[in-house]
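Below is one structure, written out as structure tokens; the observations come after it.
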Amino acid sequence: MKTELCSFCLKSGMLCQKCSAKVKAGEISDLDLRIAKLLLNMEDKYPTLQNVCFYRAVEVEKTLAILVGHGDVPRLLGYSGKIIKAIGDETGKNVRVLEYGVDDRKFLEDLFVPFSILTINTIWLPDGTTETRVILKRKRGQQMPFDLSTLKGIAQSVRKVSIRVEFAD
């Protein structure tokens, strides 16, 4: 697995001077350390994790969002979802895998899977701030597999984007 931290530091639990400086500077959080170590420990059982580039993790309420490199989402979702299930069992959280460094539309599409996005608009508020309105397409009887306030919190933490969600049948 590729990450901002040395694999030796993750395996040993002792941070070198370079990795320690990143933690002190706030570039890497304790949650990032825990998830990176967890993914590194899972590499033996799931070899596809060796090619995954882990950037960071964000925790909002009962959900853990893992940000990985371009094209790495299918690698984490592979093995019939066993990797995600193992991460969820270990952390006690629901897990969402998002791609790092993509445009806003791709980020929102990944965030709201399995719903498809009909449109994305920017709303300019009187106080000078903006809000992103996302209209999702919902099939009849389709239930929400996630909590909207949690996903809004993830979008705020990862992208600093305020979201308003609406549904169209």
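The shown structure was predicted, so the numbers you read here are calculated from the model rather than taken from an experiment.
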Heavy-atom closest pair, residues [X] and [Y]:
| X | Y | result |
| --- | --- | --- |
| A155 | L111 | CB-CD2, 4.1 Å |
| S157 | K160 | O-NZ, 3.3 Å |
| R75 | V52 | CB-CG2, 3.8 Å |
| I154 | A65 | CG2-CB, 3.9 Å |
| I123 | R133 | CD1-CB, 3.6 Å |

Should we say atom CG of D30 is surrounded by more than 12 heavy atoms from elsewhere, each under 6.0 Å from it?
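Not buried by this count: 12 neighbours or fewer within 6.0 Å.
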Give a yes or no on this: more than 12 heavy atoms of other residues, nucleotides or ligands lie within 6.0 Å of atom NZ of K2.
yes
Any heavy-atom pair between the side chains of [Y] and [X] that's under 4.5 Å?
| X | Y | result |
| --- | --- | --- |
| R96 | V113 | yes |
| T129 | S162 | no |
| L108 | I163 | yes |

Go through N51 and D72 one step at a time and tell me if the side chain to side chain contact (heavy atoms under 4.5 Å, CB included) criterion holds.
CA-CA 8 Å; N51 300 324; D72 289 339; 5.6 Å; no
Spacing of [atom1] belonging to [X] relative to [atom2] belonging to [Y], to within rounding of 0.5 Å:
| X | Y | atom1 | atom2 | answer |
| --- | --- | --- | --- | --- |
| L49 | D44 | CG | CG | 10.0 Å |
| K152 | T132 | NZ | OG1 | 12.0 Å |
| M42 | E90 | CE | CD | 8.5 Å |
| E27 | E4 | CD | CD | 7.0 Å |

Please list, one pair per line, the donor and acceptor atoms closer than 3.5 Å that link side chains of residues 98-105 to other protein atoms, with sequence neighbours excluded.
| residue | atom | partner | partner atom | Å |
| --- | --- | --- | --- | --- |
| E99 | OE2 | H70 | ND1 | 2.6 |
| D103 | OD1 | K106 | N | 3.0 |
| D104 | OD1 | R159 | NH1 | 2.4 |
| R105 | NE | E109 | OE2 | 3.2 |
| R105 | NH2 | I117 | O | 3.4 |

What residue pairs, at least two apart or across chains, pass ring-ring contact (aromatic ring centres under 6.0 Å, His included) with a residue in residues 143-168?
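Sorted pair list: F115-F146, F115-F167.
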So, using ring pair (Phe, Tyr, Trp, His ring centres under 6.0 Å) as the criterion, who are the partners of F112 when residues are at least two apart?
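Scan of F112 (ring pair (Phe, Tyr, Trp, His ring centres under 6.0 Å), adjacent residues dropped) gives none.
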Side chain to side chain donor-acceptor pair (under 3.5 Å) pairs, two or more places apart, involving residues 53-67:
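Sorted pair list: E59-K93, E61-T150.
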Please list every donor-acceptor pair under 3.5 Å in which a side-chain atom of residues 6-15 meets a protein atom from a residue at least two apart or in another chain.
| residue | atom | partner | partner atom | Å |
| --- | --- | --- | --- | --- |
| S12 | OG | F8 | O | 2.9 |
| S12 | OG | M14 | N | 3.2 |
| S12 | OG | M14 | O | 3.3 |

Return a table of donor-acceptor pairs under 3.5 angstrom between the side chains of residues 31-41 and protein atoms on other chains or two or more places apart.
| residue | atom | partner | partner atom | Å |
| --- | --- | --- | --- | --- |
| D32 | OD1 | A57 | N | 2.7 |
| D32 | OD2 | S29 | N | 3.1 |
| D32 | OD2 | S29 | OG | 3.3 |
| N41 | ND2 | K37 | O | 3.3 |

For L151 and V165, run side chain to side chain contact (heavy atoms under 4.5 Å, CB included): C-alpha distance rounded to whole Å, both residues' side-chain angles, the deciding distance at 0.1 Å, then the answer.
CA-CA 10 Å; L151 296 184; V165 180; over 6 Å; no
